[in-house]
Number of protein chains: 2
Amino acid sequence: MQDLYSDFHSIFSVDCVIFGFDKGELKILLIERGEEPYMDYLALPGNIVGEDEDLDAAAGRVLNELTGLNNIYMEQLHTFGEVGRHPQGRIITVAYFSLIKVKRHELYPKIPFAKKAEWRTFHDLPKLAFDHSIILEKAYRKLQRKLRYEPIGFELLPDKFTLTQLQQLYEVILEKEIDKRNFRKKILSYGLLTESGEKQKNVSHRAARLYRFNKRRYNSLRKIGFNFEI
Amino acid sequence: MQDLYSDFHSIFSVDCVIFGFDKGELKILLIERGEEPYMDYLALPGNIVGEDEDLDAAAGRVLNELTGLNNIYMEQLHTFGEVGRHPQGRIITVAYFSLIKVKRHELYPKIPFAKKAEWRTFHDLPKLAFDHSIILEKAYRKLQRKLRYEPIGFELLPDKFTLTQLQQLYEVILEKEIDKRNFRKKILSYGLLTESGEKQKNVSHRAARLYRFNKRRYNSLRKIGFNFEI
DNA sequence: GCAAAAGTGTTAACTTTACACCCATGT
DNA sequence: ACATGGGTGTAAAGTTAACACTTTTGC
């Protein structure tokens with residue numbers, strides 16, 4: 001090992017791409033950096049991986065320190081390792097990816113590395129720190145792909161949601177219009193939505209039914225080879 | 001940067017998962033290790049990334065040094081960074097993924113780190129060095145997914161191939177039987193295969209037509225939103 | 001009573017599936 | 001002449017796509 005390490009030293013970091021959905025818009029969770037380089041820039045929540053820390057664990061810890069979020073399941077997106085990507089040296093970053101419900105979580109950075117953490121509208125962003133705009137672009141393409149083949153829209157909506165909210169989510173993320181009747185027919189045909197029995201309140205039009213996603217049913221269907229697709 | 005690096009030092013490596021297809025079997029390109037640890041074990045071609053080397057470039061260089069292959073386009077698969085994955089210390093590895101034509105390439109390791117490089121039958125492998133069996137498992141799942149949604153089977157076959165060869169490739173990799181007439185109808189309907197005009201030679205049955213994959217046509221169809229699926 | 005979004009069904013076009021026999025070639 | 005794999009078509013079932021009006025609610 002000695003000779004391996006004598007060669008050259010490097011660092012790896014994790015960056016977290018966390019998508020949300022609110023008021024009909026796709027959101028992304030960013031921090032405002034409190035340190036150089038890229039002081040005051042918006043950036044993905046990310047930091048150095050510890051010596052005795054698994055990558056997945058590091059992603060969870062870093063996200064918690066910088067945003068206050070806890071126990072968020074993330075999956076790996078891609079590793080970015082271009083020689084010049086970090087101005088301070090050779091830092092390779094493993095990007096992680098998750099979808100969460102905006103309303104459910106409060107945001108409060110625990111270390112001054114992040115001045116604040118906030119939801120920003122994905123379709124209206126300035127240039128981010130480092131190569132984070134590139135990372136985000138890749139994450140968005142993955143989100144679009146996943147949305148079509150896995151029932152992940154529900155991760156982004158409140159527990160109870162209307163079919164119109166769900167349809168708007170698909171339209172915003174896939175960037176295309178969808179026929180209302182066909183959408184409802186298809187999504188209901190899977191039997192993955194349960195009527196909550198409740199309706200919208202205080203809306204100045206006919207109140208829509210609120211549905212819940214039936215995750216248990218999805219898991220058992222998946223075991224017998226069911227493939228979601230929209 | 002100084003304080004970053006004072007924290008702790010780490011190493012990253014790349015490992016290459018190269019699939020091939022020959023005599024009706026899925027193949028994987030492995031090396032026999034010429035060094036400790038895991039001396040004499042079969043392993044994925046992989047090694048340490050250089051200080052001033054992009055990850056993608058490192059994957060290409062390492063593959064060349066260990067197998068003699070050159071100019072192989074690889075895409076990233078996943079990064080494996082569990083704390084205990086390497087017996088000699090904290091080594092995170094970025095796995096790469098490619099499909100190539102077995103017959104087209106000769107194999108000869110250029111450095112003694114690999115005693116030899118050879119094609120092995122994927123479905124009949126011993127335990128590999130390090131966590132390479134896990135990496136390979138993940139690569140295989142990716143191969144299955146990609147095969148259904150991208151016309152990648154052709155990367156694994158000779159330039160000219162019969163429809164039966166192509167169908168067998170799908171059957172072996174997807175691990176299921178496919179109806180001959182329906183398969184032919186569908187694959188031909190895309191218009192991505194060109195008849196070469198030639199037929200098989202020296203076969204003791206009716207000689208099959210040899211087809212070529214029309215990559216240019218695929219690229220132009222893709223631009224206008226075509227999605228391959230089998 | 002009006003504005004706003006919810007909710008609903010049918011038809012035609014297309015895609016998928018299931019299925020069996022004759023053909024060409026080498027031995 | 002036989003063994004081997006090559007090559008072909010149809011009909012029924014299922015899926016997708018296109019399309020417009022009535023209902024409920026708050027103001």
Could you tell me whether A/T164 contacts a base, only the sugar-phosphate backbone, or nothing, with contacts defined as non-hydrogen atoms closer than 4.0 Å?
sugar-phosphate
Between A/Y218 and A/Y190, is the ring centroid distance below 6.0 Å?
no
From C/dA6, D/dT8, C/dT8, nucleotide with atom closest to B/R181 side chain:
D/dT8
Which residue pairs pass the salt bridge (charged side-chain N to carboxylate O under 4.0 Å, His left out) test with at least one member in residues 212-223 of chain A, sequence neighbours excluded?
A/E155-A/K215
Verify whether the ring centers belonging to B/Y149 and A/Y149 lie closer than 6.0 Å.
yes
Roughly how many Å is it from CG in A/N202 to C1' in D/dC27, rounded to a whole number?
13 Å
Of the listed nucleotides D/dG7, C/dC19, D/dT24, the one nearest the side chain of A/R206:
D/dT24
Tell me whether the centres of the aromatic rings in A/H123 and A/Y140 are closer together than 6.0 Å.
yes
Report the distance from atom CG of A/L188 to atom C1' of C/dA6, rounded to the nearest whole Å.
13 Å
Answer with base, sugar-phosphate or nothing: what part of the nucleic acid does B/D179 contact at a heavy-atom distance below 4.0 Å?
base
Spacing of B/Q165 atom CD relative to D/dG7 atom C1', expressed in whole Å
16 Å
Reading DNA chain C from 5' onward, which residue's closest nucleotide shows up sooner: A/Y211 or B/K186?
A/Y211
Between C/dC19 atom C1' and B/I178 atom CD1, what is the distance in whole Å?
17 Å
Here's a test of your reading of the structure: between B/V203 and A/L163, which maps to the more 5' nucleotide of DNA chain C?
A/L163
Of the options D/dT25, C/dG9, C/dC19, whose atoms approach the side-chain atoms of A/H205 most closely?
D/dT25
In whole Å, what is the span from the CG atom of B/N182 to the P atom of C/dA20?
13 Å
Kindly say if A/R209 contacts the phosphate of C/dT8, meaning a side-chain N or O under 4.0 Å from OP1 or OP2.
yes
Rounded distance in Å - OH (B/Y190) to C1' (C/dT16)
11 Å
Interatomic distance where CD belongs to A/E177 and P belongs to D/dC19 [whole Å]
13 Å
With sequence neighbours left out, which residue pairs that include part of residues 124-139 of chain A fulfil the salt bridge (charged side-chain N to carboxylate O under 4.0 Å, His left out) condition?
A/R85-A/D131, A/E137-A/R141
Side-chain donor or acceptor of A/K185 under 3.5 Å from a matching atom on the base of C/dT10?
yes
A/S204 has a side chain; which of D/dG26, D/dG9, C/dA6 sits nearest to it?
D/dG26
Nearest whole angstrom, please: distance from the C1' of C/dA6 to the CD of A/Q200.
9 Å
Measure distances between side-chain N and O atoms of A/K199 and base N and O atoms of D/dT25, and say whether any donor-acceptor pair falls under 3.5 Å.
no
